[in-house]
Engineer: 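Structure in structure tokens, see below.
Every chain is numbered from 1, with letters handed out A, B, ... down the list of sequences.
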2 protein chains.
Amino acid sequence: MKSISDFLKNHDIRPSYQRMRIFEYVQSKRNHPTIDMIYSSLIQEIPSLSKTTIYNTLRLFVSAGIVKPVTIEDHEIRYDADTVPHIHFKCIKCGKIEDIYLKNDWNDLASMVPEGYVVNEEHLYLRGLCPDCRDA
Amino acid sequence: MKSISDFLKNHDIRPSYQRMRIFEYVQSKRNHPTIDMIYSSLIQEIPSLSKTTIYNTLRLFVSAGIVKPVTIEDHEIRYDADTVPHIHFKCIKCGKIEDIYLKNDWNDLASMVPEGYVVNEEHLYLRGLCPDCRDA
DNA sequence: AGGCAATTGTGTAATCCTTACAATTTTTAT
DNA sequence: ATAAAAATTGTAAGGATTACACAATTGCCT
Ligand SMILES: [Mn+2]
Ligand SMILES: [Mn+2]
Ligand SMILES: [Zn+2]
Ligand SMILES: [Zn+2]
């Protein structure tokens with residue numbers, strides 16, 4: 001918890017109790033949660049927690065760059081505390097989103113885009129069946 | 001217009017006037033429009049048009065597979081009548097979404113995914129500045 | 001420690017987008 | 001032409017997000 005406090009301070013975010021708990025949840029669960037997933041889990045331990053605080057806090061984290069929004073489905077926003085570019089896989093059956101590590105490196109796209117474009121971000125995600133759901 | 005009518009019929013969609021005009025818009029403009037963009041444009045020529053019809057029609061097109069939803073930003077859904085997989089570029093300044101054709105082929109991702117996953121769809125999009133906005 | 005100002009959290013209300021539904025219009029078949 | 005089916009429309013309902021005012025907490029100064 002001390003490390004989370006320091007981490008937030010390093011990004012000019014005051015480490016309130018709620019902020020620390022919310023960040024800890026997103027970072028440790030690694031489940032790319034929605035706002036509701038965070039709320040449902042933390043409300044059990046922090047009965048006073050307001051959903052507005054989750055919204056505010058995530059917006060703060062995103063603008064500070066310590067959490068990235070993951071947009072795969074149109075109707076739900078998910079959040080990821082892993083800010084280095086990586087690939088996501090969404091299972092169409094159980095709905096979970098996990099990180100995927102490819103066996104080989106993937107092309108350097110920046111060198112393949114037509115002249116004139118400035119690329120700031122690359123986003124890649126796959127959809128299909130996860131190993132658990134494939135076997136079931 | 002005759003070809004659009006036949007195209008819809010081939011996908012078991014009755015070619016009503018509204019449906020033909022909506023499909024024509026998405027296919028010809030190639031601008032990956034939102035529901036509102038379609039509505040704002042067509043309402044000028046079809047004064048009776050209801051936004052509900054746009055929602056219903058796009059949902060029908062998507063379930064028939066003749067239009068694909070494009071989800072890049074969390075707060076807006078866009079639609080694309082080009083159903084073959086391709087790459088999108090969203091300009092963070094002017095907001096437009098365009099198709100990108102890479103100079104080389106891009107890796108065959110399916111072969112690079114860890115064992116056990118079944119990949120149905122691959123989605124790649126880039127964010128940055130389009131040539132127009134870069135120069136401005 | 002006590003007091004004060006600034007920041008953060010909370011609960012409710014407002015807003016915006018999407019969907020549900022019933023009524024009307026249009027199309028299709030007989 | 002008539003009736004049945006399907007599509008469109010307008011309004012109401014729903015759900016998610018944001019705005020806002022007030023309460024609680026924090027941090028700083030004495
Ligand atoms: Mn991730
Ligand atoms: Mn496209
Ligand atoms: Zn699964
Ligand atoms: Zn641009």
Side-chain angles (χ1 to χ4, degrees), chain A residues 1-2 4-9 11-26 33-64 66-67 69-79 95, chain B residues 1-2 4-9 11-25 32-64 66-67 69-79 95:
Chain A
M1 213 53 156
K2 180 61 168 52
I4 290 178
S5 171
D6 290 342
F7 182 79
L8 295 181
K9 279 186 208 159
H11 290 85
D12 296 317
I13 295 172
R14 293 164 92 141
S16 73
Y17 179 68
Q18 287 87 342
R19 287 171 176 178
M20 287 195 290
R21 294 300 304 272
I22 293 170
F23 189 79
E24 180 197 32
Y25 178 92
V26 178
T34 61
I35 294 281
D36 272 330
M37 289 163 72
I38 302 168
Y39 180 76
S40 309
S41 176
L42 293 181
I43 190 67
Q44 298 179 49
E45 299 173 37
I46 314 169
S48 72
L49 185 65
S50 164
K51 199 176 277 189
T52 300
T53 298
I54 315 271
Y55 278 105
N56 290 340
T57 302
L58 267 296
R59 186 170 29 206
L60 178 68
F61 288 171
V62 169
S63 70
I66 63 173
V67 160
V70 176
T71 55
I72 292 183
E73 301 294 338
D74 40 38
H75 54 89
E76 62 175 21
I77 312 175
R78 287 164 168 266
Y79 295 94
Chain B
M1 212 52 157
K2 181 63 169 54
I4 290 178
S5 172
D6 290 343
F7 183 80
L8 295 180
K9 280 186 206 158
H11 290 85
D12 295 318
I13 294 172
R14 297 167 102 124
S16 73
Y17 178 68
Q18 286 86 343
R19 287 171 177 176
M20 286 194 291
R21 294 300 305 274
I22 292 170
F23 188 80
E24 179 199 32
Y25 178 91
H32 310 87
T34 61
I35 294 282
D36 272 330
M37 288 163 74
I38 302 168
Y39 179 76
S40 308
S41 176
L42 293 181
I43 190 66
Q44 298 180 50
E45 298 173 36
I46 315 170
S48 71
L49 185 65
S50 164
K51 199 175 277 190
T52 300
T53 298
I54 316 270
Y55 278 105
N56 290 340
T57 302
L58 268 294
R59 185 169 30 208
L60 178 68
F61 289 171
V62 169
S63 70
I66 63 173
V67 160
V70 176
T71 54
I72 292 183
E73 301 294 337
D74 40 38
H75 55 90
E76 63 175 19
I77 312 176
R78 287 162 169 266
Y79 296 93

Engineer: Please report the distance, rounded to the nearest Å, between CG in Leu49(B) and P in dT25(C).
Structural biologist: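 Those two atoms, CG and P, are 17 Å apart.
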Engineer: Using whole Å, what does the distance between atom P of nucleotide dT9(D) and atom CZ of Arg19(B) come to?
Structural biologist: 11 Å
Engineer: If the condition is side-chain contact (heavy atoms from CB on, under 4.5 Å), which residues does Ser40(A) pass it with, not counting sequence neighbours?
Structural biologist: none
Engineer: Compare side-chain N and O positions of Gln18(A) against OP1 and OP2 of dT10(C) and report whether any pair is under 4.0 Å apart.
Structural biologist: yes
Engineer: Generate the contact string for nucleotides 16-27 of chain D. Rules: B means base contact, S means sugar-phosphate contact only, - means no protein heavy atom under 4.0 Å.
Structural biologist: SSBB-------S
Engineer: Between P on dA7(D) and CG on Leu8(B), what's the gap in Å once rounded to a whole number?
Structural biologist: 12 Å
Engineer: Just how far, in rounded Å, is C1' of dG11(C) from OH of Tyr39(A)?
Structural biologist: 10 Å
Engineer: Does dT8(D) have its OP1 or OP2 closer than 4.0 Å to a side-chain nitrogen or oxygen of Ser50(B)?
Structural biologist: no
Engineer: Just how far, in rounded Å, is P of dT18(C) from CG of Asp74(B)?
Structural biologist: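 Those two atoms, CG and P, are 12 Å apart.
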Engineer: According to the salt bridge (charged side-chain N to carboxylate O under 4.0 Å, His left out) rule, which pairs have a member within residues 43-58 of chain A, sequence neighbours left out?
Structural biologist: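 Counting only pairs at least two positions apart or across chains, the salt bridge (charged side-chain N to carboxylate O under 4.0 Å, His left out) contacts touching residues 43-58 of chain A are Arg21(A)-Glu45(A), Asp36(A)-Lys51(A).
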Engineer: Check side-chain contact (heavy atoms from CB on, under 4.5 Å) between Ile72(B) and all other residues, then give those that pass, not counting sequence neighbours.
Structural biologist: Val70(B), His88(B), Lys90(B), Ile97(B), Tyr125(B)
Engineer: Rounded to the nearest angstrom, tell me the gap between atom CG in Leu58(B) and atom P in dT19(C).
Structural biologist: 10 Å
Engineer: For Ile43(B) and dT9(D), give me the distance from atom CD1 to atom C1', rounded to whole Å.
Structural biologist: 11 Å
Engineer: For residues 55-64 of chain A, tabulate all N or O donor-acceptor pairs below 3.5 Å that involve a side-chain atom, not counting sequence neighbours.
Structural biologist:
{"from": "Asn56(A)", "atom 1": "OD1", "to": "Arg59(A)", "atom 2": "NH2", "distance (Å)": "3.0"}
{"from": "Asn56(A)", "atom 1": "ND2", "to": "Thr52(A)", "atom 2": "O", "distance (Å)": "3.4"}
{"from": "Thr57(A)", "atom 1": "OG1", "to": "Thr53(A)", "atom 2": "O", "distance (Å)": "2.6"}
{"from": "Ser63(A)", "atom 1": "OG", "to": "Arg59(A)", "atom 2": "O", "distance (Å)": "3.4"}
{"from": "Ser63(A)", "atom 1": "OG", "to": "Leu60(A)", "atom 2": "O", "distance (Å)": "3.0"}

Engineer: Going by the rule side-chain contact (heavy atoms from CB on, under 4.5 Å), which residues pair with Ser16(B) if we only count those two or more places apart in sequence or in a different chain?
Structural biologist: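 Once residues adjacent in sequence are excluded, the partners of Ser16(B) under the side-chain contact (heavy atoms from CB on, under 4.5 Å) criterion are Gln18(B), Arg19(B).
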Engineer: In whole angstrom, give the distance that lies between atom CG of Asp12(B) and atom C1' of dA6(D).
Structural biologist: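 Whole-Å distance recorded here is 15 Å.
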Engineer: Only one of Tyr79(A), Phe7(A), Tyr17(A) clears ring-ring contact (aromatic ring centres under 6.0 Å, His included) with Phe23(A); which?
Structural biologist: Phe7(A)
